[in-house]
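Structure first, commentary second.
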Amino acid sequence: MSNCIFCKIINRQLPAVTVFEDDKVMAFMDIYPLRRGHVLLIPKLHQQQMHHLPAEYREHLVNTASRVAQALYACSLKPAAVHYMVNDGPAAQQTVPHVHMHVLPRYPGDSINFLARLLRKPFDLAMGPENSLMLETLAADIRQELEKS
Ligand code: AMP
Ligand code: ZN
């Protein structure tokens with residue numbers, strides 16, 4: 001879809017710090033991360049909601065998200081857990097109308113900090129994207145682990 005920012009990332013009309021890509025899926029760093037290591041996965045097909053996707057794309061998205069999570073566990077971030085999160089429609093706070101899955105590192109005792117980051121998100125959007133060198137450094141770490149899996 002021509003005015004979709006995630007389609008523009010797939011078509012290289014917008015930049016992204018990519019950690020993985022194949023014919024059906026792309027995984028890249030969220031530029032307004034809720035925390036270090038916040039990765040987004042998108043199918044290379046423009047659909048707004050999960051149930052609109054052909055099963056092969058949906059299954060590949062979930063399988064790749066699981067590989068990304070494994071890479072997060074293995075890389076320097078060493079989370080204790082991850083969130084797999086899909087805001088599947090505008091009423092569920094979906095802000096980009098192209099299916100995407102968030103993979104977010106979590107740590108023991110980080111709930112207050114995590115909720116604060118969620119509430120602060122509109123302010124972070126106004127402040128502009130995360131430092132790209134920081135994202136590149138994290139992405140290189142995650143990519144290295146993905147290449148092993
Ligand atoms: P959602 O609120 O579930 O629709 O998530 C959309 C996500 O896309 C948010 O976490 C944004 O920070 C992220 N985002 C928006 N634009 C970009 C972009 N150009 N590159 C990477 N992530 C983006
Ligand atoms: Zn799209």
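Side chains included, hydrogens not; waters and symmetry mates left out as well; all remaining heavy atoms used. First listed ligand is number 1; within each ligand, the first listed atom is number 1.
Remark: Q70 CD to K148 NZ distance equals 12.0 Å, nearest 0.5 Å.
Below 4.0 Å from some heavy atom of F6 lie the following atoms of ligand 1, by number and element: 8 (O). Taking a cut-off of under 4.0 Å to the non-hydrogen atoms of N87, the atoms of ligand 1 that pass are 1 (P), 2 (O), 3 (O). Every atom of ligand 1 with a heavy atom of Q94 under 4.0 Å away is listed here by number and element: 4 (O). Against a heavy-atom cut-off of under 4.0 Å, V96 is close to the following atoms of ligand 1: 4 (O), 6 (C). Set against the non-hydrogen atoms of F28, the atoms of ligand 1 under 4.0 Å away are 21 (C). For ligand 1, the atoms closer than 4.0 angstrom to any heavy atom of K121 are 9 (C), 10 (O), 11 (C), 12 (O).
Side chains of N87 and H100: no donor on one and acceptor on the other come within 3.5 Å. Side-chain polar atoms of Q49 and Q94 form no donor-acceptor pair below 3.5 angstrom. Side-chain atoms of H102 and H38 include a donor-acceptor pair closer than 3.5 Å.
Here the heavy atom of the protein found nearest to atom 10 (O) of ligand 1 is D30 OD2, 2.5 Å. What sits closest to atom 23 (C) of ligand 1 on the protein, heavy atoms only, is I31 CG1, 3.8 Å. Closest to atom 5 (O) of ligand 1 among all protein heavy atoms lies H100 NE2, 3.0 Å.
Rounded to 10°, the angle formed at the Zn ion (ligand 2) by C7 SG and C4 SG is 120°.
The name of the N, O or S atom in H46 nearest to the Zn ion (ligand 2) is ND1. Here the N, O or S atom of H98 that is nearest to the Zn ion (ligand 2) is ND1.
At a heavy-atom cutoff of 4.0 Å, ligand 1 is contacted by the side chain of I5 but not by its backbone. The proximity of T95 to ligand 1, defined as any non-hydrogen pair under 4.0 Å, involves the side chain as well as the backbone. Counting heavy atoms closer than 4.0 Å to ligand 1, residue V86 contributes nothing at all.
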Test D141 against L77 for side-chain contact (heavy atoms from CB on, under 4.5 Å), laying out the working first. CA-CA 9 Å; D141 197 359; L77 293 168; 5.5 Å; no
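A donor-acceptor distance shorter than 3.5 angstrom exists from the side chain of R67 to the backbone of L146, with no hydrogens or angles considered. The backbone N or O of H52 lies less than 3.5 Å from no partner atom in the side chain of R58, so there is not a single donor-acceptor pair.
Taking distance alone, with nitrogen or oxygen atoms compared against 3.5 Å, M29 stays at or beyond that limit from ligand 1. When only interatomic distances are considered, the shortest N/O to N/O separation between H38 and ligand 1 does not fall below 3.5 Å. Taking any N or O of H102, backbone or side chain, at least one lies under 3.5 Å from an N or O belonging to ligand 1.
With a 6.0 Å cutoff to the six-membered ring centre and a 45° limit on the axis angle, R106 counts as a cation-pi contact of F114.
Of the charged side-chain nitrogens involved, at least one lies within less than 4.0 Å of a carboxylate oxygen, so that R35 and D110 count as a salt-bridged pair. Using a 4.0 Å cut-off between charged nitrogen and carboxylate oxygen, K78 and E145 do not count as a salt-bridge pair.
M26 and L72 fall into different hydrophobic clusters, defined by Ile, Leu, Val, Met, Phe, Trp and Tyr side-chain heavy atoms under 4.5 Å apart, directly or through other members.
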